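Data first, discussion second: the structure below is written as structure tokens.
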Amino acid sequence: MSDRGIRTLRQIHAEPYSFPFDGHWSSADTALLLLGFQQGPISALAAMPAFTTALDLLSVALDCGLFVAASRRVALPAGDDVARRRYAMGDVVPAEGPGDWTFPPQLILPDTALVVDHPGDNAFYRTPLETKLKARGIRNLLIAGLPTEGLVHATQRTANDMGFECLAVADACQGTSETRHAAQLRITTFGNGLFGTVASAAAVKAALTKI
Amino acid sequence: MSEHPASGFWPLGGTSVKSAMAIILIDMQIDFCAPGGWIDQLGEDVSNTRAVIPPISQALAAARTAGIAVIHTREGHLSDLSDLHANKQWRTRVHGLGIGDMGAMGRILVRGEPGWQIIPELAPEAEELVVDKPGKSAFHQTDLEAELRNLGISRLVITGVTSDCCVQSTMRDGFERGFECVLLEDCTAAVETPNHLATLEILKAFGGRWGGVSCLAAFQTMLEHTDV
């Protein structure tokens, strides 16, 4: 370990290739993204297992010195027509305030963490997420959240176009159905990882806890 | 009172105005869907991506006849590859022939090369917008959003390849930006059928959270019954 606390890490055993692609990563150039782990969505999707797994991962990531960013969906006071239609379909976006919009009390973020709010699925769209990650020299992203085919995949697709090397933590994500979760992760790995890689939380932890 | 034939195609309903509509043809390039192109050189099956050329041709003809805006996209990189991320190149080189490498029809997915061109069956006409994109989404690092807003377009009909990759990215990004999107499911395809079917199931779930999923015949009917 260097005097700055930067740790060089082992590659994660992931599908379809070991992460990251070039084998070079450290606690300084890697962030953990926690997407949409708010009280409302966790309850609506019965996603306590994925949330618990993500909490465990957060603890390991913080011990290792990784940067953490968390996102919340928030309803805009005057959403556009597309957002209103989606609301009418039952995709209820929590309004800012106590209750569904907030993170559960178990999710304790350090002061250094970045929190962004976004109305759609994509945590990069009209938020400072890209700028803040790049300003810190972040190249690699470990992604957890809900739902898999919503916030997780939309954000990972955009991250990939932006050049970030991405890994979706399969059991720290949950879809609106098990079928959609599995299908979206299979599409992630298609073509030798068109959108990056997929691994279990255990595989990620193994790489973060060994030097 | 019977429902108007043009209603139902657009998820938000309301009045259909041709000047607010565009059709987008995503990445119908030789490298993705022609014999001798990149995917074919890799030994992958291009029959799925070729099968949608006739229905997309019909959708294109209907759009041109109706006079709605037509947009083509091409995935490709600058010749010095300065806009190509290292991980994107590495992933494609695992297949033996990666982006930027010299293939039988020029350098793979490099702007200006023979394989990068749009297939002749769907060649753009002079006044049609052609968007060059370095990423999967047609909105990433392009002028597409600004062009659509300048033209007053709020409704986007999506066709092209591949459904699980660039088509899905473009539809998701269009939704985020407030465009009302409709994917024509018989005018899009993936290299692998299971990924195509899974993509459509996800896009159709909950009534289509990123927009509607419709078909060529409904698109033609909508245009025929839209007067202005």
Side-chain angles (χ1 to χ4, degrees), chain A residues 16-17 19-22 24 79-91 118-126 139-140 147-150 153-158 160-166 175-177 179-197, chain B residues 10-14 39 42 44 83-95 98 133-137 139-141 154 162-166 168-170 172-181 190-192 194-203 205-212:
Chain A
Y17 59 82
F19 174 95
F21 77 104
D22 56 1
H24 300 301
D80 63 17
D81 289 344
V82 177
R84 277 197 289 278
R85 171 175 176 267
R86 198 165 181 181
Y87 187 85
M89 290 171 158
D91 184 30
H118 53 101
D121 285 338
N122 187 339
F124 285 102
Y125 187 60
R126 289 183 177 159
R139 301 167 58 235
N140 306 300
T148 314
E149 81 274 23
H153 197 64
T155 303
Q156 181 162 352
R157 274 183 182 254
T158 295
N160 187 61
D161 270 347
M162 291 171 170
F164 292 104
E165 173 75 350
C166 300
T176 59
S177 78
T179 306
R180 287 176 204 127
H181 169 81
Q184 198 71 87
L185 293 181
R186 190 178 67 245
I187 289 168
T188 302
T189 62
F190 177 65
N192 195 40
L194 274 179
F195 305 102
T197 58
Chain B
W10 294 107
L12 296 179
I39 300 299
L42 292 176
E44 302 277 342
D83 59 352
L84 175 62
H85 300 303
N87 54 359
K88 185 178 179 185
Q89 184 176 42
W90 178 86
R91 288 170 194 155
T92 61
R93 281 190 164 159
V94 170
H95 301 293
K133 63 187 189 60
K136 307 301 184 196
S137 165
F139 289 95
H140 178 72
Q141 299 284 331
S154 59
T162 59
S163 54
D164 51 351
C165 188
C166 297
Q168 190 184 154
S169 283
T170 301
R172 285 174 178 270
D173 278 3
F175 154 77
E176 290 281 345
R177 285 157 176 78
F179 294 102
E180 186 181 3
C181 299
V191 175
E192 292 196 357
N195 285 353
H196 175 69
L197 297 175
T199 295
L200 288 178
E201 197 279 330
I202 288 166
L203 294 180
F206 305 103
R209 281 186 174 172
W210 296 281

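Keep in mind it's a predicted model, so treat the numbers as computed, not measured. The analysis underlying the following values was restricted to heavy atoms, covering all of them including side chains, and did not include hydrogens, waters or symmetry mates. Throughout, protein chains are lettered first and strands after them, A, B, ... in sequence-line order, and every chain is numbered starting at 1.
Neither the backbone nor the side chain of B/Glu44 comes within less than 4.5 Å of any heavy atom in chain A. When heavy atoms are compared at a cutoff of 4.5 Å, A/Asp22 does not approach chain B at all. When heavy atoms are compared at a cutoff of 4.5 Å, B/Ser154 does not approach chain A at all. Looking at B/Ala86, both its backbone and its side chain come within 4.5 Å of chain A, counting heavy atoms on both sides. A/Phe21 touches chain B through backbone and side chain together, each having a heavy atom under 4.5 Å away. Using a 4.5 Å cut-off between heavy atoms, B/Lys136 touches chain A through backbone and side chain atoms alike. Proximity to chain B (any heavy atom under 4.5 Å) is restricted, for A/Tyr17, to the side chain, taken from C-beta onward. Residue contact with chain A, scored on non-hydrogen atoms closer than 4.5 Å, involves the backbone and the side chain of B/Pro194 alike. Interface residue B/Phe179: only backbone heavy atoms are found under 4.5 Å from chain A.
Of the possible donor and acceptor atoms, none in the side chain of B/Glu201 sits under 3.5 Å from a partner among the backbone N and O of A/Arg180. Judged by distance alone, the side chain of B/His140 and the main-chain N or O of A/Thr158 form no donor-acceptor pair under 3.5 Å. Under the 3.5 Å distance criterion, the side-chain polar atoms of A/Glu165 are left unmatched by any main-chain donor or acceptor of B/Asn87. A side-chain donor-acceptor contact under 3.5 Å links B/Arg91 to the backbone of A/Gly193.
B/His85 and A/Asn160 get closest at one heavy-atom pair: CD2-O, 4.0 Å. Heavy atoms only, all atoms of each residue included: B/Ser169 and A/Phe195 are closest at OG-CE2, 4.2 Å. Nearest approach of B/Glu176 to A/Asp121, heavy atoms of both residues: OE2-N, 2.6 Å.
One distance of note links CE of A/Met162 with OG of B/Ser137; it measures 10.0 Å at 0.5 Å rounding. Taking OG1 of A/Thr148 as the reference point, atom CD1 of B/Ile202 lies at 9.0 Å (rounded to 0.5 Å). Atom OG1 of B/Thr162 is separated from atom CG of A/Leu194 by 7.0 Å, given to the nearest 0.5 angstrom.
Ranked by heavy-atom pairs under 4.5 Å with chain B, the first of A/Arg84, A/Arg85, A/His153 is A/Arg85. Annotation: maximal heavy-atom pairing with chain A below 4.5 Å, among B/Trp210, B/Trp90, B/Phe139, occurs at B/Trp90. Contact count versus chain A (heavy atoms, under 4.5 Å) is highest, among B/Gly135, B/Gly178, B/Cys165, for B/Cys165. Your options are A/Asp81, A/Ile187, A/Asp161, A/Asn192, and the one with the most heavy-atom pairs under 4.5 Å with chain B is A/Asp161. Among A/Ala154, A/Gly163, A/Pro20, the residue making the largest number of heavy-atom pairs under 4.5 Å with chain B is A/Gly163. Of the residues considered (B/Ala190, B/Gly211, B/Gly208), B/Gly208 shows the highest number of contacts with chain A, using heavy-atom pairs under 4.5 Å. Chain A forms more heavy-atom pairs under 4.5 Å with one residue of B/Lys133, B/Gln141, B/Glu192 than with any other, namely B/Glu192.
Residues A/Asp91 and B/Phe206 form no side-chain contact, since every pair of their non-hydrogen atoms from C-beta on lies 4.5 Å or further apart.
The side-chain tip of B/Arg172 does not point at the ring of A/Phe124 from less than 6.0 angstrom away and within 45° of straight on.
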